[in-house]
Amino acid sequence: MHRARAVFVVSNKVGSSERFASWLLNKPQTAAVTVNANRLKSSTAAEPFLNGSSSAYVETMYNTWLSDPNSVHASWDAFFRNATNGAQPGAAYQSPPNLAPYSKNEVPLTSLVPASGGMPSISAGSPINEKIIDDHLAVQAIIRSYQSRGHLVAQLDPLGIATGDPVSSCDWHGGMRAFANEAVIRQQCRFDEADMDRVFKLPSTTFIGEKEKALPLREILNRLEQAYCNNIGIEFMFINSLEQCNWIRQRMEPPNVTKMSNDQKRLILARLTRSTGFENFLAKKWSSEKRFGLEGCEILIPAMKQVIDVSTRLGVESIIMGMPHRGRLNVLANVCRKPLHQLFTQFAGLEAEDDGSGDVKYHLGTYIERLNRVTNKNIRLAVCANPSHLEAVDPVVQGKTRAEQFYRGDNEGKKVMSILLHGDAAFAGQGVVFETMHLSDLPAYTTHGTIHIVANNQIGFTTDPRHSRSSAYCTDVARVVNAPIFHVNGDNPEAVMHVCNVAAEWRATFHKDVVIDIVSYRRNGHNEVDEPMFTQPLMYRTIRKTKPVLEKYADQLISEGVVTAEEVKDVKDKYEKICEDAYNQAKQETHIKYKDWLDSPWSGFFEGKDPLKMSATGVVEETLVHIGKRFSSPPPNAAEFEIHKGLLRILKSRMEMVENRTVDWALAEAMAFGSLLKEGIHVRLSGEDVERGTFSHRHHVLHHQKVDKATYCPLAHLYPDQAPYTVCNSSLSEYGVLGFEVGYSVTNPNALVLWEAQFGDFNNVAQCIIDQFISSGQAKWVRQSGLVLLQPHGMEGMGPEHSSARLERFLQMSADDPDYMPPECSDYEVRQLHDCNWIVANCSTPASYFHILRRQIALPFRKPLIIMTPKSLLRHPEARSSFDEMVDGTNFRRVITDDGPAAKDPSSVRKLSFCTGRVYYDLLKERRDRGLEKDIAICRVEQISPFPYDLIKAEVAKYPNAQLVWTQEEHKNMGSWSYIEPRFRTLLQNQKHIRAKSHSQEGSWFSQLFGRSQPARQTVETDCEKPRTISYNGRATAASPATGSKAAHNKELKNLLDEFCVL
Ligand SMILES: Cc1ncc(C[n+]2csc(CCOP(=O)(O)OP(=O)(O)O)c2C)c(N)n1
Ligand SMILES: [Mg+2]
């Protein structure tokens, strides 16, 4: 295996003597050591027991002593005291004051003297023989070495083809396996066969003795071998908690700790039979269908079930799982117990009964509530649907888990937990694993511990581990969060179950992540039609000769007398019959239902609702005032809570706005949030620096200037019975955090969940989540999400990377057909929203922003909303709205039409310019400065997608003599142009058609819309012959989203404004 060789090399590089030298020879490794290294140097150099081999132990003792001198033995205390006080070389060591009397459990030192001759004897009160100390130190160091590095030589690979065979440099005899080699114990080996029966006192950091306080060396080594070098390899010594390390040692070190009862063994066998039987059945019925079978790692199913059993017994009621392709169908069938016939219909190529484009069977999610027969408790199991993109589902699962914990009030994660499954190559290779791990301990993102299970088949598609990762193990990423890592040989079912027990208990005890790495193999190719011998001939030759784990385990239990061969066959036949019955049942089905695969059912949300009825988004003025005032006030205990002076000014100006019945961007946002909170809607705003706001405009969390961690969040204290408000600065991650919020948003429809990008362009790091979950989640998995993405966007001379949120990409992924103009009807807006895959908007006013946020909840369904949000408009004096635009009776305006002089005499208007977002204010100023208010009308498209054909059509018709222009500040190959241009074409052609008809028919659409007669006949005829077109005004095409030169930026802006004014 890759791991052994790599680690061996590394451990040799940083040899123990080098490490020790760093402590003694003025090459300090830690700050604590730095201070004392010089002083220790002279006094310790001559101590005979301080040879290189005891380095790690001495270092540990020293660090322990530094933090608490009483925590080490008196002899160490004396030694360190002398050494740090500058004792002469060789004089630092001092024998302990008194060694007798011994308490019941202590071992007299005299009994530890070597039995062989030649050693000076010890009597009570005489100075201690140095050899005894040296030998004890060596034994302790050996114990520690096994604990730290035993995993390097553990027998983990069922194929036995581990590369880098460890070299045994220390040959112990006496029938003991000689695994304890250089890789594990390095140079601590100072014993020979004559020492094997000597008894050594065990340190408090080992549990191999159970009740024994001392053991013969042979037994010590034997037990260490069993615990650390057998079929389980544990990595845990990097954990910075003695309690946690001891907790693990207690569960892994005592002899026979992995022993199972006969009932447990039979249960494992039964589960293994189903796991194996399921794959065999699929292989038999659909031999050439891709299913990414589990063969070679069938133990995964019993392992997951064991984790679930133990977790349920310890109080967990709901488990949310994320997993890749490998063995997914098996997990659905045998872990979730999804009805088999539903699974089998997926192979039948049936059409779907419901809407959506669906997904391949090994990506679909599921949700099941059932009784756990082992624990007799009800349990809810969800497997999240996921795209092909490996590991992308990890943060989504965490977000969903967090949300479920939140709504249940499960603040410690005792009821809801997540399990993440990984492939070895993906776990090591995908950065989102790291991003997700880093959320695991953050207050607003923690799920209080995840159990990670790696189905480690030692291959990724066709690539060997040595080419797919630089780390020793595929699990090394988990070390960053101090997660214990249990590597286990997948062909030892009982070892796997033991590790599962410990991992589940770990999660329940410490509420921290833990990893189970099931080392196994892949019996077939990557999928069932792949030939693995092309690329891994030797590995597959061995695999062909390897018996399936079920056979091996059945043989073992038969030979142990736990089961008979007949029983084994009986269990197998019974499961095959179950599969056969389900197969026949599936044949009766005529359609599949995507809804059967939904991972987040929203029971009660859709029932009894008119799917096209949207509630109003305006709010009574009293509510606006109340929220506005609370949001503009210092904390209630202002006398003691000192906030920053600059903030006092901001609050004051907010209060003035409230008094003047106006709002800016931040105030409008607060009012949208606050009014929803009042209505019982939970609001969660997450992202980098969102609490203050990247542009320092939001200030949702006020910080006491003198008291650490004392904060006040006004929106959390608006009403006594309001819904909870969460605003949380995230880790510096887009992929991970956006995925997390997707998961959060799909859990409960009665919540407004928002993710804000620091700058819009950073969303590209989360493109996978945007493509795979947000834009297409409903189509693939009938799963709705009302998630809002706030994307700071705007060409303000800030350079290529802080200008564009890549609006064009979102628009390109909008699924509305550019060649189809939906027929007009009274509920046009909501119908379009119902049919779209997401909403893309670029609001120009605070009121618009307020309404569109509230509309997310007013809709009878949920759609993702992508908003281009402003930067300079946050403070622009004209980007203000009046309460009049937000009160009862007002609504979101998809299009804001011109209401100035141009609108008064539309037929005289010579240019009608459409635009979206902040460029409106540039156009407004330019038009005003040049006195063209009567000649040019400006129409703002607030909701770009779905395209508001109905309103734009009316606006176009209103200005019959105006040339139509789309003005944008983005480059021509960016921004909205590519999206709006074909839609305008459709609209204008469509209009020509209607107009042509209007010649022969009275009562045309025009008069219906405007209640007056149509424009002069002359104009209509001209338009009929030549449909109107829309032209482009904006920056030229470019490779980079914006120039880095301020001068070039200004010139480009001037050009587009000049062009805008050309009539
Ligand atoms: C992000 C991503 N990159 C590449 C792929 C293509 N791909 C699918 S499975 C696979 C190998 C995965 O190996 P591993 O994680 O070890 O899982 P295994 O198939 O061995 O169970 C690859 C490269 C993918 N699905 N997702
Ligand atoms: Mg693999």
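Indexing begins at 1, ligand by ligand and atom by atom, following the structure's order.
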Out of [options], who gets a non-hydrogen atom closest to [atom]?
atom	options	answer
atom 23 (C) of ligand 1	F461, F292, F427	F461
atom 7 (N) of ligand 1	L390, L294, N527	L390
atom 3 (N) of ligand 1	H526, Q430, Q772	Q430

**contact_flag H389 ligand 1 heavy-atom lt 4.0 Å** = yes
**Request:** For H325 and ligand 1, answer yes if some heavy atom of the residue is under 4.0 Å from a ligand atom, otherwise no.
**Result:** yes
**Prompt:** If you draw the axis of the six-membered ring of W597, does the NZ or CZ of K338 fall within 45° of it and under 6.0 Å from the ring centre?
**Reply:** yes
**Prompt:** Is it true that the NZ or CZ of K285 lies under 6.0 Å from the centre of Y583's six-membered ring and within 45 degrees of the ring axis?
**Reply:** yes
Exercise: identify the closest heavy-atom pair between [X] and [Y]:
X	Y	result
Y744	R402	CE1-CG, 3.7 Å
C474	N456	SG-ND2, 3.7 Å
A425	G460	CB-CA, 3.7 Å

**Item:** Sub-4.0 Å atoms of ligand 1 with respect to non-hydrogen atoms of A425
**Value:** 13 (O), 14 (P), 15 (O), 16 (O)
**Fill in**
For R326, the atoms of ligand 1 under 4.0 Å from one of its heavy atoms are 18 (P), 19 (O), 21 (O)
**D424 atom (N/O/S) at minimal separation from the Mg ion (ligand 2)** = OD1
Tell me which protein heavy atom sits closest to [atom], plus the residue, atom name and distance to 0.1 Å.
atom	result
atom 16 (O) of ligand 1	D424 OD1, 2.6 Å
atom 15 (O) of ligand 1	A426 N, 2.9 Å
atom 25 (N) of ligand 1	S388 O, 2.9 Å
atom 13 (O) of ligand 1	G460 CA, 3.3 Å
atom 17 (O) of ligand 1	G423 CA, 3.7 Å

**Message:** salt bridge (Lys or Arg N to Asp or Glu O under 4.0 Å) for K284 and E279? Distances and angles first, verdict last.
**Reply:** CA-CA 9 Å; K284 190 170 76 183; E279 299 296 349; over 6 Å; no
**Asked** How about K572: does its NZ atom have over 12 heavy atoms from other parts shown lying under 6.0 Å from it?
**Response** no
**Side-chain donor/acceptor of W286 to backbone N/O of F281, under 3.5 Å** = no
**Message:** Is atom 11 (C) of ligand 1 touching the protein, meaning some protein heavy atom lies under 4.0 Å away?
**Reply:** yes
**Message:** Looking at the Mg ion (ligand 2), is there an N, O or S atom belonging to R522 that lies under 2.8 Å away from it?
**Reply:** no
**Request:** State whether N456 contributes an N/O/S atom found under 2.8 Å from the Mg ion (ligand 2).
**Result:** no
**Asked** Which word best sums up how the rings of F427 and H452 line up, parallel for under 30°, tilted for 30 to 60°, or perpendicular for over 60°?
**Response** tilted
**Message:** Could you tell me if Q398 and S418 have a donor-acceptor pair between their side chains, going purely by distance under 3.5 Å?
**Reply:** yes
